[in-house]
Protein chains: 2
Amino acid sequence: MGTRKQIVDAANRLFYQQGYERTSFASIAEAVGISRGNFYYHFKTKDEILEAVLQARLGDTRAMLAGWTEAAATPLERVFRFVDIVVTNRGDIELYGCPVGTLTSELAKLGHPSRAQAVGIFGVFRDWLGEQFKELGHSANADDLALQVLAFSQGVATLSNAFGDRDYVERDVRRLKTRLMSLDT
Amino acid sequence: MGTRKQIVDAANRLFYQQGYERTSFASIAEAVGISRGNFYYHFKTKDEILEAVLQARLGDTRAMLAGWTEAAATPLERVFRFVDIVVTNRGDIELYGCPVGTLTSELAKLGHPSRAQAVGIFGVFRDWLGEQFKELGHSANADDLALQVLAFSQGVATLSNAFGDRDYVERDVRRLKTRLMSLDT
DNA sequence: GTCTATATAGAGATAGAC
DNA sequence: GTCTATCTCTATATAGAC
């Protein structure tokens with residue numbers, strides 16, 4: 001694997017685990033196993049790494065959703081895959097929260113120019129969820145339903161990170177699924 | 001107003017607007033109008049300021065909830081006051097997110113020892129909401145309902161911060177209130 | 001492409017005068 | 001209680017050898 005991609009991968013993980021502001025070039029370089037000097041051959045500024053990380057996340061997200069679109073037969077099953085994230089990734093979420101929500105929030109506080117790109121990842125989920133609800137026959141309020149499901153995931157992720165209450169997370173996931181099933185008529 | 005309180009107030013605001021990690025002693029000192037040197041007469045470390053800020057927030061939260069308990073006649077009205085926060089404070093939330101959720105998440109990523117105290121603020125809301133649901137006659141699942149309302153507020157706050165869609169926020173608040181009203185029998 | 005060495009700025013933190 | 005001056009550490013970033 002190329003050094004550049006290794007840097008982006010390490011930065012991606014560290015930005016998630018420690019936050020963007022906290023993560024230093026030194027720690028990324030150490031994680032990759034290169035010197036700080038070599039680092040600057042690949043990226044001139046910290047902002048450049050962030051942009052590359054956001055591009056990578058955007059691509060990963062699109063690929064994941066495309067995979068779900070193919071693997072799951074019905075739109076409701078696809079939405080369930082999304083909802084299940086908070087259970088599937090509970091370990092990481094308990095420790096570091098939602099990768100999209102926490103980064104978006106941090107960049108908002110920093111007034112960072114790449115904030116819009118981070119919000120764009122939310123947008124990809126939002127659009128994809130909206131598509132599923134359209135296919136379910138809820139064209140009129142597809143986007144509204146998408147936002148509700150997105151908000152659910154963010155709320156549960158934040159509480160999961162705060163309290164680490166797995167029973168609650170599973171209860172709420174089950175509850176949302178039941179509500180969503182009533183949309184499938 | 002005493003210098004110490006001024007420092008705590010300024011730090012409280014800056015931690016919210018910029019994040020804990022980003023906020024420097026210099027910027028707090030500048031906001032208060034004192035020198036960095038004087039700063040250390042009142043607080044020896046940055047962690048000490050954070051602890052004071054968390055204590056202040058805990059006190060403010062308890063006072064606010066006590067006020068609501070007194071001002072609103074029914075438990076459902078009290079819960080509505082809480083739910084309305086995302087509308088009342090929409091300006092700040094669009095810019096900086098929820099003060100409790102974003103700080104808790106940041107401290108989790110930093111592995112900060114005061115994380116538990118920040119989660120404690122969530123706990124105060126959780127307990128208070130649980131009390132209201134008990135009074136509403138839902139003792140069996142009062143805490144579960146409290147967590148659902150808390151998760152709602154966090155989800156809406158995160159999306160409000162990301163998209164700034166006030167129509168959605170008002171829609172979702174109205175929706176939750178309708179659901180909650182069906183609990184009042 | 002990768003390294004070591006270094007420049008520069010800002011952070012947290014201390015000492016001591018007033 | 002407040003100030004200036006200073007220490008130390010770490011951060012981003014650059015220069016130049018290999």
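All values reported here derive from a predicted model rather than from experimental measurement. In what follows, chains carry the letters A, B, and so on, assigned in the order in which the sequence lines appear, proteins first and then strands, with residues in each chain numbered from 1.
For residues 85-111 of chain B, the ring pair (Phe, Tyr, Trp, His ring centres under 6.0 Å) pairs, not counting sequence neighbours, are B:Tyr16-B:Tyr96. The salt bridge (charged side-chain N to carboxylate O under 4.0 Å, His left out) analysis of residues 47-70 of chain B, with sequence neighbours excluded, yields no pairs. Residue pairs meeting the salt bridge (charged side-chain N to carboxylate O under 4.0 Å, His left out) criterion with at least one member in residues 136-147 of chain B, sequence neighbours excluded, are A:Arg171-B:Asp144, A:Arg175-B:Asp144, B:Arg126-B:Asp143. Counting only residues at least two apart or on different chains, the ring pair (Phe, Tyr, Trp, His ring centres under 6.0 Å) pairs with a member in residues 53-72 of chain B are B:Trp68-B:Trp128.
The residues B:Arg22 and A:Glu106 are annotated as not salt-bridged, no charged nitrogen and carboxylate oxygen being separated by less than 4.0 angstrom.
A heavy-atom distance below 4.0 Å to DNA chain C is reached by none of the residues of residues 12-21 of chain B. Heavy-atom distances under 4.0 Å link DNA chain C to no residue of residues 102-115 of chain B.
Judged by closest nucleotide on DNA chain D, B:Ser35 is the one of B:Ser35 and A:Ala26 placed further toward the 5' end.
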Without placing hydrogens or testing angles, list every side-chain donor-acceptor pair under 3.5 Å for residues 113-120 of chain A, not counting sequence neighbours.
from     : atom 1 : to       : atom 2 : distance (Å)
A:Arg115 : NH2    : B:Glu94  : O      : 3.3
A:Arg115 : NH2    : B:Asn161 : O      : 2.6

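For A:Phe80, there are no ring pair (Phe, Tyr, Trp, His ring centres under 6.0 Å) partners at least two apart in sequence or on another chain. Shown here are the salt bridge (Lys or Arg N to Asp or Glu O under 4.0 Å) partners of A:Glu30, two or more places apart in sequence or in another chain: there are none. Listed by chain and residue number, nothing satisfies the salt bridge (Lys or Arg N to Asp or Glu O under 4.0 Å) test with B:Lys46 (two or more places apart in sequence, or in another chain). Take A:Lys44 and apply the salt bridge (Lys or Arg N to Asp or Glu O under 4.0 Å) test, not counting sequence neighbours, and it matches no residue.
Residue B:Thr3 has a polar side-chain atom (N or O) positioned under 4.0 Å from OP1 or OP2 of D:dT2. The side chain of A:Tyr41 contributes no N or O atom lying less than 4.0 Å from OP1 or OP2 of C:dT2.
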Scan nucleotides 14-18 of chain D against the protein and return all N/O pairs shorter than 3.5 Å with their distances rounded to 0.1 Å.
none

